[in-house]
Asks: 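Quick one: this structure, given as structure tokens, is what I'll be asking you about.
What you are looking at is a predicted structure, and each value in this text was computed from that prediction instead of being measured. Any value given below was found using the heavy atoms of this structure, including those in side chains, with hydrogens, waters and symmetry copies removed.
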Amino acid sequence: MIRGSKLATTSLAIARRAAIESRSATYAWRAGMLALDRPDKALEIIRATQRLGQLGAAITIASIRNGDRVGLIDELGSLTFSELDERSNALAAGLSARGISAGDTVGILCRNHRGFLDATFATAKLGARTLYLNTDFGAPQLRDVCEREGVTVLIHDEEYEQLIAGIEPSRGRLLGWTEGDPGAETLEGLIRKHAGQAPPPPSEPSAVVLLTSGTTGTPKGASRHQGTSLHPIGALLSKVPFRSRQSTYIAAPMFHALGFTQMVLAVTLGCTTIVERRFKPDRVLDAITRRRPEVLVVVPVMLQRIVSQLEAEPARWDTSSLRIIFSSGSALGAELVRRTQRTIGDVLYNFYGSTEVAWATFATPEDLRAAPGTAGRPPYGTIVRLYDSEGRVVHGAGNSGRIFVGNGYQFDGYTGGGSKEIIDGLMSSGDVGHFDSAGRLFVDGRDDDMIVSGGENIFPIEIEELLLTHPAVEEAAVIGVADPEFGQRLAAFVVRKPGTELTEDQVREFVKQNLARYKVPRDVTFVDQLPRNPTGKVLKRELRRRAEPAHLSE
């Protein structure tokens, strides 16, 4: 009986997996990722995948299918897919000559430019381990992470030379981008030196290490090996209508999961990737008007600044080419959704996931029109469930619980050891949220963001969302600070819109008129800007440092 039960369970799991893969293939076909290639091209694609693995082969397959098509446009000009493939081959050969092979760790500290793609695909073709470093790191974080991850060679932009002083990987350093005479070995030099060469086949598949956001200290490395499932791409394509041979402007940093995965997706679909090293909203809008991309990839704070530019100068730019604005990386507020819909249209898609759990939910324009601020719904083959602090399932619309996700594509674990909490095979996202009656997920905040003031549980996001609807508020963040009477009390940090006036009492009164009295911030501080990491998440630890001295003196 037990053997029969196990066999039935196994058979059911196999059938479910087959159904997911079949459905994923359908979405990939519709998007143009899968195609009926000529027999000779099909054979080349199969050989490339077997030899290089999924990531390493991605640029080679794009070259086979779309060799003469422009694959990348950056500040130095354009490169075709064939040129990108040849550059990554030459760089991989050069790195191999320096002693880099499968299992070694290549650190990449680069902004969005061709060197990032060169290094990514060259490292993958070697079967090496690629570590993407946050360009906003301080020197101590960089040293800690490079030492912890065992970086063998470091590829970095020239602007970070002082920041990485003292970091000496065993195979040295290479410059990914220079403004003048570098005086050191560069990617371009290594590519020219080994032009026409190809690396030896790797002895094992490559791995990618993305770092957690690091808003609460030294970030952890989240390792993810290449897989063979179509489910990750199918889940995305089932919710967002990406199509082959179009153009994608990636404003989000590519060292982050959002920018990285969207770059790889664009290459896989044969889409032109458009990037610039530094984000400036007017330059993004200039590029959209001139280049006419169909897709824009942003984190919410970037979108907020783009929308503000459009509101200030509504006739200056033409954004009508955009079919998709793909946003992720931090909370997408309801008011920003409404502003985007007014200025650009119903083209906004909100993705909710994390480095650890991969994807959880997607919000389509229809979801966001019906419920601005929602994180959306799970795609097929994905389970999102809420649990309370005791590990019991939370039922019912509007009831909050800890968010757990199951999709078969969770990360391998932290490189320094440990993983996320797992219940019933589902992995914690680290957030708290609730579902509405239509099954749409709303993220209330991080599970450690909850503020307990006078016995009341408060999530800052509700107050922040309200403040953003005030006509004089550009940005807002709310934190809890120690209070001798209430345990914690609320402190709001507010950025005023240019040319407006707003007082602390007016902020408090606005909240008092719209929310419960215990949600009114006791402290209001006006700032020129909120401290954020490169992916747009507010660094609330920095705000606590600013707020703490005032309370320590009481």
Asks: With rounding to the nearest 0.5 angstrom, report the CD to CG distance, Glu149 to Leu211.
Replies: 6.5 Å

Asks: Within the structure provided, determine whether Cys110 and Thr135 are in side-chain contact (heavy-atom separation under 4.5 Å).
Replies: no

Asks: Is Arg283 close to Pro281 at the side-chain level, that is, under 4.5 Å between some pair of heavy atoms?
Replies: no

Asks: Check the side chains of Thr273 and Tyr249 for a donor-acceptor pair under 3.5 angstrom, ignoring hydrogens and angles.
Replies: no

Asks: Pair Arg339, Ser308 - check side chain to side chain donor-acceptor pair (under 3.5 Å), show working.
Replies: CA-CA 9 Å; Arg339 292 170 63 196; Ser308 293; 3.0 Å; yes

Asks: Using every non-hydrogen atom in the two residues, find where Ala62 and Phe81 come nearest and quote the distance to one decimal.
Replies: CB-CD2, 3.5 Å

Asks: Taking it one step at a time, do Arg87 and Glu83 satisfy salt bridge (charged side-chain N to carboxylate O under 4.0 Å, His left out)?
Replies: CA-CA 6 Å; Arg87 287 170 63 89; Glu83 289 171 328; over 6 Å; no

Asks: If I take atom CD1 from residue Ile73 and atom CZ from residue Arg290, how far apart are they, to the nearest 0.5 angstrom?
Replies: 8.5 Å

Asks: Would you say that Gln309 contacts Trp317 through its side chain, given a criterion of any heavy-atom pair below 4.5 Å between the two side chains?
Replies: yes

Asks: Return the CZ to CD1 distance between Arg114 and Ile191, rounded to the nearest 0.5 Å.
Replies: 9.0 Å

Asks: Measuring only between side-chain heavy atoms, which start at C-beta, is Ile108 closer than 4.5 Å to Leu131?
Replies: no

Asks: Does a side-chain N-to-carboxylate-O contact under 4.0 Å join Arg277 and Glu179?
Replies: yes

Asks: Would you tell me whether Lys125 and Ser88 have side-chain atoms, one donor and one acceptor, within less than 3.5 Å of each other?
Replies: yes

Asks: Tell me, please, which residues at least two apart from Asp318 pass side-chain contact (heavy atoms from CB on, under 4.5 Å).
Replies: Thr289, Arg292, Ser320

Asks: Classify the side-chain pair Tyr352/Asp431 by whether it contains a donor and acceptor separated by less than 3.5 Å.
Replies: yes

Asks: Does this structure show an ion pair linking Glu185 with Arg98, if we count only N-O contacts that are shorter than 4.0 Å?
Replies: yes

Asks: Assess the pair His231 and Tyr380: is the distance between their ring centroids shorter than 6.0 Å?
Replies: yes

Asks: Would Ser229 and Glu21 satisfy side chain to side chain donor-acceptor pair (under 3.5 Å), going step by step from the backbone distance to the final call?
Replies: CA-CA 7 Å; Ser229 173; Glu21 294 301 327; 2.5 Å; yes

Asks: Between CG of Asp104 and OG1 of Thr123, what distance do you get to the nearest 0.5 Å?
Replies: 10.5 Å

Asks: Examine the side chains of His256 and Asn134 and answer whether a donor and an acceptor come within less than 3.5 Å of each other.
Replies: no

Asks: So, Asp282 and Lys280, do they make that salt bridge, N to O below 4.0 Å?
Replies: no

Asks: Charged N to carboxylate O below 4.0 Å: is that the case for Arg173 and Glu161?
Replies: no

Asks: Any heavy-atom pair between the side chains of Leu117 and Met254 that's under 4.5 Å?
Replies: yes

Asks: For residues Arg369 and Asp346, determine if any side-chain heavy atom of one lies less than 4.5 Å from a side-chain heavy atom of the other.
Replies: yes

Asks: Which atom names give the shortest non-hydrogen contact between Asn112 and Ala251, and what distance separates them?
Replies: ND2-O, 4.1 Å

Asks: Measure across Ala287 and Pro293 and return the closest heavy-atom pair with its distance rounded to 0.1 Å.
Replies: O-CD, 4.1 Å

Asks: Are a donor atom and an acceptor atom from the side chains of Asp68 and Thr80 found within less than 3.5 Å of each other?
Replies: no

Asks: Write down the atom of Thr272, the atom of Leu72, and the distance for their closest heavy-atom approach.
Replies: CG2-N, 4.5 Å

Asks: Just wondering, do Arg305 and Val301 contact through their side chains at under 4.5 Å, heavy atoms?
Replies: yes

Asks: Compare every heavy atom of Phe242 with every heavy atom of Ile324, then report the nearest pair and how far apart it is.
Replies: CD1-N, 3.8 Å

Asks: Kindly indicate whether the side chain of Val209, heavy atoms from C-beta on, has any atom under 4.5 Å from the side chain of Arg129.
Replies: yes

Asks: Does Arg171 have any side-chain contact (heavy atoms from CB on, under 4.5 Å) partners at least two apart in sequence or in another chain, and if so, which?
Replies: Ile100, Thr152, Val153

Asks: Walk me through it: do Arg243 and Glu294 pass the test salt bridge (charged side-chain N to carboxylate O under 4.0 Å, His left out)?
Replies: CA-CA 9 Å; Arg243 294 294 180 266; Glu294 290 86 357; over 6 Å; no

Asks: Who pairs with Ala139 by side-chain contact (heavy atoms from CB on, under 4.5 Å), at least two apart in sequence or on another chain?
Replies: Arg143, Leu163

Asks: Tell me if the aromatic rings of Phe116 and Phe255 count as close, with their centers under 6.0 Å from one another.
Replies: no

Asks: Could you give the distance from CD (Glu86) to CG (Leu79), rounded to the nearest 0.5 Å?
Replies: 10.5 Å

Asks: Once rounded to the nearest 0.5 Å, what's the spacing between atom CG of Asn350 and atom OG1 of Thr364?
Replies: 10.5 Å

Asks: Are Phe362 and Phe351 an aromatic pair by the rule of ring centers under 6.0 Å?
Replies: yes

Asks: Has Arg17 got more than 12 heavy atoms of other residues, nucleotides or ligands less than 6.0 Å from its CZ?
Replies: yes

Asks: Taking all non-hydrogen atoms of both residues, which atom of Glu159 and which atom of Arg278 are closest, and how far apart?
Replies: OE1-NH2, 3.1 Å

